[in-house]
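Data first, discussion second: the structure below is written as structure tokens.
Numbers restart at 1 for each chain; the letters A, B, ... are given by sequence-line order, proteins then strands. Since the model is a prediction, treat every value here as computed from it, not as a measurement.
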Number of protein chains: 2
Amino acid sequence: MTTDSLFTSNSSPSIERRGLRDHVYDRVLDVLLGPGVEPGSRLSIDTIARDLGVSPTPVREALVQLERTGLVSRVANKGYTVAEPLAADQLESLFDARLVLESGSAAIAARNPESILPALEEALAEHLKLTAAVHDASEAGDIPLELLREYFAADWNFHHLIFEHTHNPFLIDMSEAISTRVHRMRQTVATGVSDAEEATAEHRAILDAFSQGPEAVEAAMRSHILKVRDRARDDSVR
Amino acid sequence: MTTDSLFTSNSSPSIERRGLRDHVYDRVLDVLLGPGVEPGSRLSIDTIARDLGVSPTPVREALVQLERTGLVSRVANKGYTVAEPLAADQLESLFDARLVLESGSAAIAARNPESILPALEEALAEHLKLTAAVHDASEAGDIPLELLREYFAADWNFHHLIFEHTHNPFLIDMSEAISTRVHRMRQTVATGVSDAEEATAEHRAILDAFSQGPEAVEAAMRSHILKVRDRARDDSVR
DNA sequence: ACTTCCTATTTCCTATAGTATCTTTGAATG
DNA sequence: CATTCAAAGATACTATAGGAAATAGGAAGT
């Protein structure tokens, strides 16, 4: 009955069979992706176990999984810590990796455009809607954190859909490694939403390229990521 | 003193501080990559723990890490099993992923050819040496398993060096996910060494392309992987 | 006053024990 | 004879406890 504290907090009555390990994983991931995560701060196994009302064993397994995301780093016999933010050169590497992965994946996804186009149209519409909402909130004064979160989610969803529609488990798996880093970059670099109009325009260009074959899609995606990189560079020196 | 059985078997007197978890990981990985691994067979945590003389906890952690390699699969409350060999469609996905990753990585590695060329030359020389050795052994009758292992290692080392010379931690990390699958494919598809001459020739073409810029290298790598895929397809229907 | 060493506390790491779940085997019934 | 249900065994999962290492604080010596 010691595990009740976790499950009762879950509103869903039907609980998927997937062990405490995954619950701990989700909880810790929420904390790491949420605001107020201090890089370098210790992630005590026992503390997490006590806070979540579970034993250290599933916590250890969850942390091993999290190592892969690059959000936590581990030193043997010393424990886990929140990973340091991406340095400048690591940021360049991240964009290089995105150029390789996303351009290639976009070309593969473009093999059958009819199955992906509706989903992309919907995602872009949502992205545009949130861009307008952010724009209004920005003029009104400040932007609510929840709105910001939704905007970033819509932005990334466009990229995520392209990965999904490759139907390639290996590429999808690699995209997850990228996803967490991009999310983390947005916390640290704080590139903001100043490029919202440009980003949506470039997404539109990618979408339109789907009717012109894989090569056009690949080029459009490459162009988009290169521009995102340039804007991120400008922000970091601001 | 229960851990002595592990460490005493290690001839190296200076042991890096890296926990039992990594030792278990290495041992299980050796078994999985070695011959005689039956897909679907159970990987009992307690059995492994007893065999290696450790407790189940570090074994669990090692298996979580191995999940990522795709060599083991897990069912909640049912345990770990040796992953099934790659199906035909998964093999296609693997080659698609290689096309994306390796072509892109080759282009990045080609940014400064002078630092990678000597290493590639050496790797290709070793590959050629082993190709000749395999050829001789093949005519003599049968090929020793150890020689076969060395040949495959030399073959992959060429690809591995290109990944390493991107100096991109994300791409290198992704290459490891590919590496284990390629190794596994060679066990199951048993494409053999019939294409040794063609493979070395294509590697030579890639190497020569480094003096013609990133685009040439990318094209050469793409051509190589496409040909490898074609040969693998021929083998599977043979 | 600073450095060094020692001690105590905290934390990770490993081992052992109990509980829940799945599989399998056997028997009983239609 | 086939099928279904039940019970027993095995296995994974979680929890608790003990031992080892590292860090932090304080005291003693230079």
Side-chain angles (χ1 to χ4, degrees), chain A residues 1-10 14-28 31 38-67 71-83, chain B residues 1-10 14-28 31-32 38-67 71-84:
Chain A
M1 290 297 150
T2 53
T3 60
D4 268 6
S5 59
L6 262 175
F7 292 105
T8 49
S9 65
N10 191 334
S14 68
I15 294 174
E16 287 185 22
R17 293 201 38 67
R18 46 169 216 155
L20 286 184
R21 192 179 101 185
D22 306 284
H23 278 279
V24 176
Y25 181 88
D26 292 341
R27 289 294 190 90
V28 178
V31 174
E38 204 63 37
S41 60
R42 297 177 62 88
L43 288 172
S44 167
I45 293 175
D46 291 339
T47 303
I48 296 173
R50 264 190 288 103
D51 289 350
L52 273 62
V54 298
S55 76
T57 309
V59 175
R60 298 184 74 82
E61 294 180 352
L63 286 174
V64 172
Q65 269 189 297
L66 281 167
E67 261 184 277
L71 294 173
V72 306
S73 58
R74 169 182 178 265
V75 178
N77 300 331
K78 205 181 157 191
Y80 291 89
T81 58
V82 179
Chain B
M1 291 296 144
T2 53
T3 59
D4 268 4
S5 57
L6 263 176
F7 292 104
T8 49
S9 64
N10 191 335
S14 70
I15 295 175
E16 285 186 23
R17 292 204 41 68
R18 45 166 218 156
L20 287 182
R21 195 180 100 183
D22 306 284
H23 278 278
V24 176
Y25 182 88
D26 292 342
R27 288 294 190 88
V28 178
V31 174
L32 289 172
E38 204 63 37
S41 60
R42 297 175 63 85
L43 288 172
S44 166
I45 293 175
D46 292 340
T47 304
I48 295 173
R50 267 190 286 104
D51 288 350
L52 272 63
V54 298
S55 77
T57 308
V59 176
R60 297 185 72 82
E61 294 180 352
L63 286 174
V64 172
Q65 267 189 299
L66 282 168
E67 260 184 278
L71 294 173
V72 306
S73 59
R74 169 182 179 265
V75 178
N77 300 329
K78 205 180 157 191
Y80 292 88
T81 56
V82 178
E84 293 294 324

Exercise. Which atoms form the tightest heavy-atom contact between P39(A) and A83(A), and what is the distance?
Worked result: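 Answer, listing the atom of P39(A) first, then A83(A): CB-O, 3.7 Å.
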
Problem set entry | Minimal non-hydrogen separation, R74(A) against D22(B), with atom names |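 Closest approach of R74(A) to D22(B): NH1-OD2, 4.3 Å.
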
Please tell me if [X] has a side-chain N or O lying less than 4.0 Å from either OP1 or OP2 of [N].
| X | N | answer |
| --- | --- | --- |
| R74(A) | dT11(C) | no |
| R42(B) | dT11(D) | no |
| S55(A) | dT14(D) | no |
| K78(B) | dT11(D) | no |
| R60(B) | dA12(D) | no |

Exercise. Between dA12(D), dA15(D), dT11(C), which one does the side chain of D46(A) approach most closely?
Worked result: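 When the side chain of D46(A) is considered, dT11(C) is the closest of dA12(D), dA15(D), dT11(C).
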
Exercise. Which nucleotide in the set dA12(D), dA15(D), dC13(C) lies at the smallest distance from any side-chain heavy atom of S44(B)?
Worked result: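 Between dA12(D), dA15(D), dC13(C), the one nearest the side chain of S44(B) would be dA12(D).
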
For this session: Tell me which of E61(B) and R50(A) sits closer to the 5' end of DNA chain C, going by the nucleotide each one is nearest to.
Result: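 Looking at DNA chain C, the more 5' nearest nucleotide goes with R50(A).
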
Value in whole Å for how far the [atom2] atom of [N] lies from [atom1] of [X]:
| X | N | atom1 | atom2 | answer |
| --- | --- | --- | --- | --- |
| L20(A) | dA15(D) | CG | C1' | 11 Å |
| I48(A) | dA15(D) | CD1 | P | 15 Å |
| R21(A) | dA15(D) | CZ | P | 15 Å |
| E67(A) | dC12(C) | CD | C1' | 14 Å |
| I45(B) | dC22(C) | CD1 | C1' | 14 Å |

Below 3.5 Å, can you tabulate the donor-acceptor pairs from side chains in residues 44-57 of chain B to any protein atom, sequence neighbours excluded?
| unit_1 | atom_1 | unit_2 | atom_2 | d |
| --- | --- | --- | --- | --- |
| S44(B) | OG | T47(B) | N | 3.2 |
| S44(B) | OG | T47(B) | OG1 | 2.9 |

Exercise. With a 4.0 Å cut-off on heavy atoms, is L63(B) in touch with a base, just the backbone sugar-phosphate, or nothing at all?
Worked result: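 It contacts nothing in the nucleic acid.
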
Exercise. Does T57(B) or L43(B) map to a spot on DNA chain D nearer the 5' end, using the closest nucleotide for each?
Worked result: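 The residue mapped nearer the 5' terminus is L43(B).
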
Problem set entry | Result of checking L43(A), V75(A), V28(A) against Y80(A) for side-chain contact (heavy atoms from CB on, under 4.5 Å) |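 Option passing the side-chain contact (heavy atoms from CB on, under 4.5 Å) with Y80(A): L43(A).
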
Scan the side chains in residues 58-66 of chain B for donor-acceptor partners under 3.5 Å anywhere in the protein, sequence neighbours excluded, and list what turns up.
| unit_1 | atom_1 | unit_2 | atom_2 | d |
| --- | --- | --- | --- | --- |
| R60(B) | NE | E61(A) | OE2 | 2.4 |
| R60(B) | NH2 | E61(A) | OE2 | 3.2 |
| E61(B) | OE2 | R60(A) | NE | 2.4 |
| E61(B) | OE2 | R60(A) | NH2 | 3.3 |

